[in-house]
Amino acid sequence: LEKELNENSRLKSQVRAPSEHHVHSVALDFKIRDHLETTIAPAANGENGSWELFCEDGEMKLFTREVELEGGVCVDPLRAVHVVDNISAKEICTRFWDTEVRLEWELTIETCRVCEVLSDRDVVLYQTHKRVWPAAQRDVCYVSGLREIRLEKIAYKEPELERFGELKNCWLVINYSVDHDGAKLQPGMVRATVDVAMICRTYVRHGVTNPTRKDIKTSIVYTATINPGGWVPKKALRTVYRREYPRFLRTFTQYVAKKEQDLSLNL
Ligand code: 16C
């Protein structure tokens, strides 16, 4: 028995903590749950009175609301919905999360650096954004997590897409601001904060068992709330957002479609 107990404790000491457990896991799980409960709820679909539809292009719709903190800092939330053919939730979210390809599609950033690898699906990133005159340049430091979400956790339906096909899977990326020792504020730079969610669901055409690209549709819900940090002229900020968010969603989805078109479907 003693030998067996010794062997057990030797084995136990070799068992490592799950790779996904780290200093931000609890907060990240909380954020994920929160976004799954609110961001994809039909009540949040942006079409009720308080949201303004400011850009519509085919299936892509972008909404915003004017929100100001005390002191006049503008933190207008952005909500975008889109449906794309031929590319999967996994393909979209993986490319959105992957820092190796960030500069290939992200047109607003100057630099992007990994501060810490927390697990095989969570990282802390630091990036600097292009300066927009007359505001000071902004940087941001955030946790970025990639997850596949079990379908039983998805409480909300998308009736139009369910007429096309069966919900196959759901992937998401959550980006939210944190402090990190490897991302100290540089002179002349102002720290912005972000809370971003990209939630994608793929549907496979009814009756198809071996889907190819033409048999899938993926819904995208993208939300972002940016606090620009210090002073920014509100009018200019709103003009930049209304230009940059549609440009991002268009450029990014076209980028993923182009990169994936000759690869086999990764559902
Ligand atoms: O979600 C997106 N990208 C992710 C990966 O990069 C990540 C990014 C979050 C954006 C953080 C932006 C923080 C800076 C805000 C500064 C605003 C100052 C503007 C002053 C105006 C007078 O989650 C896609 C992000 C889509 C782009 C959103 C709009 C951000 C505007 C950035 C300002 C630079 C514009 C440069 C124009 C060439």
Side-chain angles (χ1 to χ4, degrees), residues 28 31-32 35 39 54-55 60 62-69 72-82 92-115 122-147 171-180 183 185-186 188-200 220-256:
L28 191 48
K31 279 267 173 206
I32 291 171
H35 277 295
T39 303
F54 71 92
C55 173
M60 183 176 98
L62 291 97
F63 304 84
T64 188
R65 266 187 307 137
E66 293 199 351
V67 178
E68 283 170 37
L69 301 179
V73 179
C74 163
V75 287
D76 297 359
L78 176 284
R79 175 178 177 78
V81 292
H82 198 3
I92 296 168
C93 286
T94 306
R95 290 198 185 263
F96 184 65
W97 178 81
D98 184 1
T99 52
E100 295 283 306
V101 300
R102 180 72 37 99
L103 296 172
E104 292 177 29
W105 60 264
E106 174 56 282
L107 304 171
T108 74
I109 68 177
E110 207 164 72
T111 63
C112 176
R113 170 165 63 81
V114 178
C115 295
D122 300 332
V123 287
V124 179
L125 302 178
Y126 170 78
Q127 61 193 37
T128 56
H129 284 261
K130 290 177 184 162
R131 177 166 181 238
V132 185
W133 186 89
Q137 191 176 7
R138 261 57 185 182
D139 67 2
V140 67
C141 176
Y142 59 94
V143 170
S144 184
L146 170 72
R147 297 283 184 284
W171 283 76
L172 58 74
V173 175
I174 300 291
N175 293 341
Y176 71 92
S177 280
V178 291
D179 291 326
H180 193 276
L185 196 59
Q186 307 298 317
M189 200 68 85
V190 173
R191 182 65 47 95
T193 59
V194 284
D195 186 346
V196 162
M198 160 90 77
I199 306 180
C200 299
I220 302 173
V221 179
Y222 171 86
T223 60
T225 304
I226 296 175
N227 183 328
W231 176 85
V232 172
K234 266 183 285 202
K235 202 159 171 272
L237 186 65
R238 289 182 169 133
T239 305
V240 169
Y241 286 170
R242 282 164 191 249
R243 185 186 72 214
E244 293 305 323
Y245 282 121
R247 185 162 81 127
F248 146 64
L249 210 55
R250 216 175 274 127
T251 311
F252 174 67
T253 49
Q254 285 169 0
Y255 164 81
V256 178

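Since we're looking at a predicted model, the values are computed, not measured. We count ligands from 1, going down the list as the structure has it; atoms in each ligand are counted the same way.
Within 4.0 Å of ligand 1, the residues that place a heavy atom are F96, R102, E106, T108, Q127, H129, K130, V132, A135, R138, Y142, N175, A192, V194, V196, Y222, I226, V232, A236, L237, V240, R243, E244, Y245, R247, F248, listed by chain and number.
The main-chain N or O of P77 is found under 3.5 Å from a side-chain atom of T64 such that the two form a donor-acceptor pair.
Here the straight-line distance linking atom CD1 of I109 with atom OG1 of T111 works out to 7.0 Å at 0.5 Å rounding. In this structure, the separation between CG on L185 and OH on Y126 is 7.0 Å, given to the nearest 0.5 Å.
Neither side chain, E106 nor Q127, offers a donor N or O lying under 3.5 Å from an acceptor on the other.
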Please test R238 against E66 for salt bridge (charged side-chain N to carboxylate O under 4.0 Å, His left out), starting from the C-alpha separation and ending with a verdict.
CA-CA 9 Å; R238 289 182 169 133; E66 293 199 351; 3.8 Å; yes
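Residues forming a ring pair (Phe, Tyr, Trp, His ring centres under 6.0 Å) with Y245 (at least two apart in sequence, or on another chain): Y241.
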